[in-house]
Amino acid sequence: MSDESNSRGEFAQEPSALQNREGRLHPFNWYREMRAENPVSYDEERDAWDVFRYDDVKTVISDYETFSSATTPEDALAGDGPNPLSESMISVDPPEHERLRQFVDDRFRPGTIRDRRPSVETVAKSLLEDVEGDTFDLVSAYSFPLPVVVIADLLDIPAERRNEFKQWSDALVAAPREQTTETLQENEQQRTQSMIAMTSFFRDILENRRGSDGDDLVTLAANAEVLSPTEQLGFCILLLIAGNITTTNLITNAIWSFAEQDILDAVASGAIDREAAIEEALRFRSPVQAMSRVATEDTKLGGEEIEAGERVTAWIGSANRDASVFDAPDEFRPERSPNRHIAFGSGIHYCLGAPLARLEADVALAALFDRYETIEMTDAPLQAVSSPVVYGLESLALHVE
Ligand code: HEM
């Protein structure tokens with residue numbers, strides 16, 4: 001174990017294997033090597049354990065008694081500033097977890113979410129109407145704004161401020177491309193500033209809606225007596241950031257994968273089932289590659305001794321490529337059944353927004369195929385998003401007819 005104290009900023013945020021352009025774009029070779037040779041290993045540079053095999057990853061993200069979610073956002077996301085996120089459902093263990101999640105569970109059930117299909121379709125169509133010319137960047141024109149407008153609608157907050165929302169969310173999941181003490185400190189400062197901005201944005205709105213009878217999620221939180229004011233803030237901030245970059249990258253990664261496999265036409269015509277292809281994109285290029293926990297007690301995993309208080313990173317993106325669960329894991333096979341990917345997590349913290357993310361991706365692809373007869377990737381170089389957790393592309397230039 002490292003003797004250095006774990007004061008934030010002293011440690012790298014990303015494993016060194018992923019601190020370069022190629023590693024970020026194709027982390028899967030590193031995962032394969034680690035699954036075979038070092039499936040549970042300690043990284044001195046990050047002062048954290050890394051876990052790569054499917055069964056171990058599932059254990060870490062679902063066994064909340066041994067692996068707590070309690071400090072995740074402080075360590076991985078929010079820096080040293082005020083942090084209502086640490087009082088949101090994603091950062092707490094039972095029994096608080098149930099209280100923070102139950103009051104909203106109904107709003108995200110598949111049946112309830114299905115009713116939103118027409119309004120998501122309207123958003124998708126109107127974004128495509130704004131696309132000009134026959135070559136455009138899918139990310140900035142479509143996969144980024146779509147989930148932001150949808151969640152802004154659910155929270156009833158002005159979608160026009162979406163560029164600010166993006167800056168805030170990006171700051172929370174970003175890692176600097178070059179990791180030096182300076183860039184890491186700057187990165188941490190930006191996280192703190194974003195947290196302050198989001199806190200003041202939602203504090204005012206929550207205040208105004210307390211006691212009112214609106215149907216939106218901010219009003220639901222403002223009137224939830226089971227939540228303290230900080231927990232109400234944490235809930236709003238979590239919803240604003242959890243579903244945006246993730247869903248953006250699901251849409252982008254799906255189109256990227258279909259183009260690469262030359263199956264865009266087959267998915268568009270229905271010869272390949274669209275929903276199954278989206279599930280395979282979730283497995284093959286998982287938008288969330290890793291989640292962190294902290295060991296609550298000394299424990300053994302994969303033959304290694306993990307001590308109480310140590311941080312553990314569970315590599316979801318690696319679990320989803322584990323040959324002990326998926327045949328030919330490095331092949332994109334939409335016909336896989338069952339497809340037991342854990343892209344939305346597992347256990348009590350299973351993604352609240354999974355039905356919404358699936359709906360958004362399905363509508364986004366359907367609208368795109370409806371609008372264009374042919375869609376092709378150009379040969380513009382690909383740049384992965386610079387983040388230790390989120391996986392996708394900064395931009396994806398498409399040629400359409
Ligand atoms: C493709 C898109 C998405 C992916 C890949 C994704 C992935 C995940 C994962 C892996 C977790 C588990 C975290 C953990 O175990 O610590 C999670 C939790 C969560 N997600 Fe998502 N997510 C997506 C979209 C969304 C959307 C659209 C929303 C809401 C609008 C959302 C809201 C949440 C919330 C609130 C939690 C915390 C649940 C809890 O702690 O009980 N996500 N998500």
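Note that ligands are numbered from 1 as they come in the structure, with each ligand's atoms numbered from 1 the same way. Computed over heavy atoms, backbone and side chain alike; hydrogens, waters and symmetry mates excluded.
Nearest to atom 30 (C) of ligand 1 among the protein's heavy atoms is Ile151 CD1, 3.5 Å. For atom 35 (C) of ligand 1, the nearest protein heavy atom (residue, atom name, distance) is Leu238 CD2, 3.6 Å. The protein heavy-atom contact nearest to atom 40 (O) of ligand 1 is His349 ND1, 2.6 Å. Of all protein heavy atoms, the one closest to atom 15 (O) of ligand 1 is Arg293 NH2, 2.8 Å. In terms of protein heavy-atom proximity, atom 5 (C) of ligand 1 is nearest to Ala343 O, 3.6 Å. At the shortest separation from atom 38 (C) of ligand 1 among protein heavy atoms lies Arg101 NH1, 3.4 Å.
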Sequence neighbours left out, cut at 3.5 Å: what donor-acceptor pairs do the side chains of residues 277-284 make with other protein atoms?
| from | atom 1 | to | atom 2 | distance (Å) |
| --- | --- | --- | --- | --- |
| Glu279 | OE1 | His341 | NE2 | 2.7 |
| Glu279 | OE1 | Arg358 | NH2 | 3.0 |
| Glu279 | OE2 | Arg358 | NE | 2.7 |
| Glu280 | OE1 | Arg283 | NE | 3.0 |
| Glu280 | OE1 | Arg336 | NE | 3.3 |
| Glu280 | OE1 | Asn339 | ND2 | 3.1 |
| Glu280 | OE2 | Arg283 | NE | 3.4 |
| Glu280 | OE2 | Arg283 | NH2 | 2.9 |
| Glu280 | OE2 | Arg333 | N | 2.7 |
| Glu280 | OE2 | Arg336 | NE | 2.9 |
| Arg283 | NH1 | Asn320 | O | 2.8 |
| Arg283 | NH1 | Pro329 | O | 2.9 |
| Arg283 | NH2 | Pro329 | O | 3.0 |
| Arg283 | NH2 | Glu331 | O | 3.0 |

Under 3.5 Å, sequence neighbours excluded: what are the donor-acceptor pairs made by side chains of residues 258-265?
| from | atom 1 | to | atom 2 | distance (Å) |
| --- | --- | --- | --- | --- |
| Glu260 | OE1 | Arg285 | NH1 | 3.2 |
| Glu260 | OE1 | Arg285 | NH2 | 3.2 |
| Glu260 | OE2 | Arg285 | NH2 | 3.0 |

In a table with atom names and distances, give each donor-acceptor pair under 3.5 Å that connects a side chain of residues 296-303 to protein atoms at least two apart or in another chain.
| from | atom 1 | to | atom 2 | distance (Å) |
| --- | --- | --- | --- | --- |
| Thr296 | OG1 | Glu65 | O | 2.5 |
| Thr296 | OG1 | Thr66 | O | 3.2 |
| Asp298 | OD1 | Ala308 | N | 2.8 |

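Checked against a 6.0 Å centroid threshold, the rings of Tyr391 and Phe28 count as neighbours. Between Phe136 and Tyr142, the ring centre distance reaches or exceeds 6.0 Å.
In terms of polar-atom proximity, Glu360 is not counted as a contact of ligand 1, lacking any N or O under 3.5 Å from an N or O of the ligand. Not a single N or O atom of Ser69, backbone or side chain, sits closer than 3.5 Å to an N or O atom of ligand 1.
Within the listing of ligand 1, atoms 41 (O) sit less than 4.0 angstrom from a heavy atom of Ile348. Interface of Thr247 with ligand 1, defined as ligand atoms under 4.0 Å from a residue heavy atom, comprises 2 (C), 24 (C), 27 (C). Atom numbering of ligand 1 starts at 1 in the shown order; those under 4.0 Å from a heavy atom of Leu250 are 1 (C). Of all atoms in ligand 1, numbered sequentially from 1 with element shown, those under 4.0 Å from a heavy atom of His97 are 39 (C), 40 (O), 41 (O).
Looking at heavy atoms from C-beta onward, Ile205 lies in side-chain contact with Arg209 at the 4.5 angstrom threshold.
Protein atoms of type N, O or S found under 2.8 Å from atom 21 (Fe) of ligand 1 total 1.
The closest approach between any non-hydrogen atom of Leu154 and ligand 1 is not below 4.0 Å.
The pair Arg116-Asp153 counts as a salt bridge, with a side-chain nitrogen and a carboxylate oxygen less than 4.0 angstrom apart. Between Glu231 and Arg99 there is a salt bridge, since at least one side-chain N of the basic residue sits less than 4.0 Å from a carboxylate O of the acidic one. Between Glu14 and Arg46 there is no salt bridge, since no side-chain N of the basic residue sits under 4.0 Å from a carboxylate O of the acidic one.
The closest side-chain donor-acceptor pair between Thr59 and Asp56, if any, does not fall under 3.5 angstrom. No hydrogens or angles considered: nothing links the side chains of Thr112 and Arg107 as a donor-acceptor pair under 3.5 Å. Side-chain contact check for Asn249 and Thr252: no donor-acceptor pair (N or O, by modelled atom type) lies under 3.5 Å.
Between Phe52 and Trp315, the angle of the ring planes stays under 30°, which puts this pair in the parallel group of the 30/60° scheme.
Counting heavy atoms closer than 4.0 Å to ligand 1, residue Met291 contributes side-chain atoms (C-beta onward) but none from N, CA, C or O.
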